[in-house]
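Side chains are part of it too, since the values below use all heavy atoms of this structure and drop only hydrogens, waters and symmetry mates. Proteins get letters first, then strands, A, B, ... in listed order; numbering begins at 1 in each.
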2 protein chains.
Amino acid sequence: MKVTIMDVANHANVSKATVSRVINHNPKVANEIRKRVLQSIKELGYRPNAFARNLANNSSNVIGLILPDITNPYFPVIARGIEDAAHQEGFSLFISNTDNSPDIEQEYIQKMAGQQVGGIILISSILDEEKVNELCELKIPFVLCDRFLADTPFDTVSIDHYTASYEAVLHLIGNGHRKICHLSGPSLVQSAEMRRQAYSDAIQEHNLEPCIRVGEFSYESGYQLMTSILKESTPTAVFAANDLMALGAMNAIQEQNLKIPQDISVIGCDDILFAQMSTPKLSTISVPAYQIGVKAVGMLVERIKGKKSAAENLLLEHEFIQRES
Amino acid sequence: MKVTIMDVANHANVSKATVSRVINHNPKVANEIRKRVLQSIKELGYRPNAFARNLANNSSNVIGLILPDITNPYFPVIARGIEDAAHQEGFSLFISNTDNSPDIEQEYIQKMAGQQVGGIILISSILDEEKVNELCELKIPFVLCDRFLADTPFDTVSIDHYTASYEAVLHLIGNGHRKICHLSGPSLVQSAEMRRQAYSDAIQEHNLEPCIRVGEFSYESGYQLMTSILKESTPTAVFAANDLMALGAMNAIQEQNLKIPQDISVIGCDDILFAQMSTPKLSTISVPAYQIGVKAVGMLVERIKGKKSAAENLLLEHEFIQRES
DNA sequence: CTTTTTGGTGAAACCGGTTACAAAGATTAA
DNA sequence: TTAATCTTTGTAACCGGTTTCACCAAAAAG
């Protein structure tokens, strides 16, 4: 049988109120009694029931994390940052994968809301106006991470995808490349959209020929898109929307016995662990994923505690990392 | 203000009991009234309070996952399997990283137990007798995943690390290798221990010279161990305790301008995503990580529902995957 | 030596649900 | 027509905590 606060109270010969006070470090409990209660708690192996507690003070110490796919190497780093920060703040972490499906995303948000999470960190696939309104109606704190609409009423943390990508493409152009392709992510994903836009703008401003292929944020997709490109022509550089695609593209390029970077340069984005393990090592845009997670929790907790009013839009620093590709 | 069951009851002109019945799909509610209640729920945007619910029926629909590090590419796959299966079964998922620290592990187990999780899936770093006893006293269902002591009172899911590793080493020996090194994981981690043992046994049985280096389950560690080995001598094959180490070792080997597999063969373990992306592609032991996760949830849920008595020890099939290394 | 203040404690209400039980109305059997 | 039964609904107790408030004893003040 479970031991309840009542058992402790009886065992220590006090009322449940007193036990509760001891648990919550309420200072106005006589030292002697406090000791007795603590002793009883030990002896009985009492653990307060979190449900009852949360119910009584109408608060929750869990936050939810909804992301596309923990299996994609970019996200575990964010997740880790979130988890570490959350535990630091005394929160537990729910986690859910959406596979970029708006329906699943919706379902999980509802589910978490129903589970009384204190707030949700959302790395959303697709957030349109309508969706945002729905979220507002849930009356739950949200922090949007990594990707989102320009004008949301929520707190956000991310990097400046546009500028980062723009710089990367500029870097290629500066190195004399004139035929630069872009492997883009799913057309509805905001971050993919911004990278694509940055690429287009940079290309246009230099009067170059754009070449965009849209696929998934995966290794296979990168491989396939690149293979299909190589069937038609041979660019001198590729800018991929993320490292996984870049790695896939590299594989496709090498299969055609082309040399990287001599024949084709490749730039990725995210700087996942494996960017530095590939041969040649992948040049990429480094994203402070762990920090994004940490900051997201910081903002969310502030909002949960009601310390914030206006929505904050935080952009962290990115960095172009020149490696061997 | 939050909408409670009472608000709904008033709005629909019934008692809270009836509303509760409607929510729980209790069949004995008149159709007309059911409709009215459902209507009110919609209109008021009512969401039942999970804390109150769990408190009332003294049950929890969340399970906890404690693992070493979600950032290690092997674990997200297990985690994904767990998450998918958990949601399928109507459970939510808590997640925590221990970094292989027994203390942190202990802390998180306590925390989850205090959060009233229905059960815990533990991918534990170190589980000795004493620790196991502590877990037993928590009176919470546990499923041990991937690594554990031989004789635990808990359900377990894993592969046969020993046999898998033994076969891999045998494979190398069969290919004529006589100088085979082993890069091992942390000395206290059970799975590392079993792989090491399998290596030792296979080597001894063929009267070969063992060569074991102990490190971390990381890329850097693999790199360093291999570098130090190469300073002393040049083996013809390396069996690494996981793919990350194998990849690190490959990097070290290639830096010395040695060819894989011509000069040195490398075998890893886990078959992480990047095993197939490296050049050359890494030969490895494929572990059904996703399935491990799924099975773990299955067993845990059965136990939570009290459908099991004896502890079950499940071993899933592994497979040696011959690639290019 | 009263009177007021202070500090510590317990009784009871409350958080938002679930559920055993009683009761009322409708239906069926006698 | 009346008794027996079955449905459907409401009342109230309960889950395990937190917290307000009243109360009492001891200390401080008058």
Side-chain angles (χ1 to χ4, degrees), chain A residues 1-41 44-62 90 111 113-118 139-140, chain B residues 1-41 44-62 90 111 113-118 139-140:
Chain A
M1 210 39 230
K2 284 275 172 202
V3 330
T4 73
I5 199 172
M6 253 324 224
D7 301 325
V8 177
N10 290 145
H11 186 275
N13 244 308
V14 294
S15 72
K16 27 188 269 188
T18 299
V19 178
S20 175
R21 291 191 186 102
V22 172
I23 297 171
N24 295 297
H25 307 104
N26 185 322
K28 36 187 176 180
V29 177
N31 256 320
E32 196 189 332
I33 293 201
R34 174 188 311 281
K35 268 189 202 163
R36 213 163 71 215
V37 171
L38 253 18
Q39 175 66 23
S40 296
I41 290 180
L44 300 179
Y46 167 71
R47 260 178 298 128
N49 182 315
F51 295 138
R53 261 186 133 165
N54 286 325
L55 177 60
N57 25 263
N58 188 24
S59 80
S60 158
N61 48 262
V62 1
K111 183 168 181 183
Q115 297 266 4
Q116 255 64 38
V117 296
K139 306 249 164 63
I140 290 180
Chain B
M1 213 35 233
K2 284 276 171 203
V3 185
T4 74
I5 200 171
M6 253 318 222
D7 301 324
V8 177
N10 290 144
H11 186 275
N13 243 310
V14 294
S15 72
K16 29 187 264 186
T18 300
V19 178
S20 174
R21 291 192 185 100
V22 171
I23 296 172
N24 296 298
H25 307 105
N26 186 321
K28 36 188 173 180
V29 177
N31 255 321
E32 195 188 331
I33 292 202
R34 176 188 309 281
K35 268 188 203 164
R36 214 165 69 215
V37 171
L38 252 19
Q39 176 66 23
S40 296
I41 289 180
L44 300 179
Y46 167 71
R47 261 179 295 130
N49 182 315
F51 296 138
R53 263 185 128 164
N54 286 326
L55 176 59
N57 25 265
N58 188 23
S59 80
S60 159
N61 48 262
V62 2
K111 184 169 180 180
Q115 296 267 5
Q116 255 66 37
V117 298
K139 305 249 163 64
I140 290 180

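- Note that CD1 of B/I140 is 8.0 Å distant from CD of B/Q116, once rounded to the nearest 0.5 Å.
- The distance between atom NZ of B/K28 and atom C1' of D/dT8, rounded to the nearest whole Å, is 9 Å.
- In the helix from C/dC1-D/dG30 to C/dA30-D/dT1, the rotation axis of the first five pairs and that of the last five pairs differ in direction by 50°, rounded to 10 degrees.
- The phosphate of C/dG10 (OP1 or OP2) has a side-chain N or O of A/S15 nearer than 4.0 angstrom.
- Listed by chain and residue number, A/S59 satisfy the side-chain hydrogen bond (donor to acceptor under 3.5 Å, both in side chains) test with A/N57 (two or more places apart in sequence, or in another chain).
- Between A/N49 atom CG and C/dG17 atom P the separation is 16 Å, expressed in whole Å.
- Two residues are said to be in side-chain contact when any heavy atoms from C-beta on lie closer than 4.5 Å; B/T18 and B/R21 meet this criterion.
- The CG atom of B/N13 sits 16 Å away from the C1' atom of D/dT8 (whole-angstrom rounding).
- Checked by atom type and distance alone, the side chain of B/D7 pairs as donor or acceptor with a backbone atom of B/T4 at under 3.5 Å.
- One can place CG of A/N58 at 6 Å from P of C/dG16, the figure rounded to the nearest angstrom.
- A donor-acceptor pair is defined here as one N or O able to donate and one able to accept, closer than 3.5 Å; such a pair exists between the side chain of B/R47 and the backbone of A/A113.
- As rounded to whole Å, 9 Å separates atom P of C/dT9 from atom CZ of A/R34.
- In terms of modelled atom types and a separation under 3.5 Å, the side chain of B/N24 and the main chain of B/N26 share no donor-acceptor contact.
- Here the P atom of nucleotide D/dG17 and the CG atom of A/N61 are 15 Å apart, to the nearest Å.
- A straight line from CG of B/L55 to C1' of C/dC15 spans 9 Å, rounded to a whole angstrom.
- Atom-to-atom distance recorded for A/L44:CG and A/I5:CD1 is 12.0 Å, nearest 0.5 angstrom.
- Straight-line distance from the CD atom of B/E32 to the P atom of D/dT7: 19 Å, rounded to whole Å.
- What you find for B/R34 and B/P27 is that their closest heavy atoms are NH2-O, 3.6 Å.
- Taken from NZ in A/K16 to CD1 in A/I23, the straight-line distance is 11.0 Å, to the nearest 0.5 Å.
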- Task: Determine, for nucleotides 18-28 of chain C in 5'-to-3' order, which nucleotides have protein heavy atoms under 4.0 Å from the base (write B), from only the sugar-phosphate (write S), or from neither (write -).
- Result: BBB--------
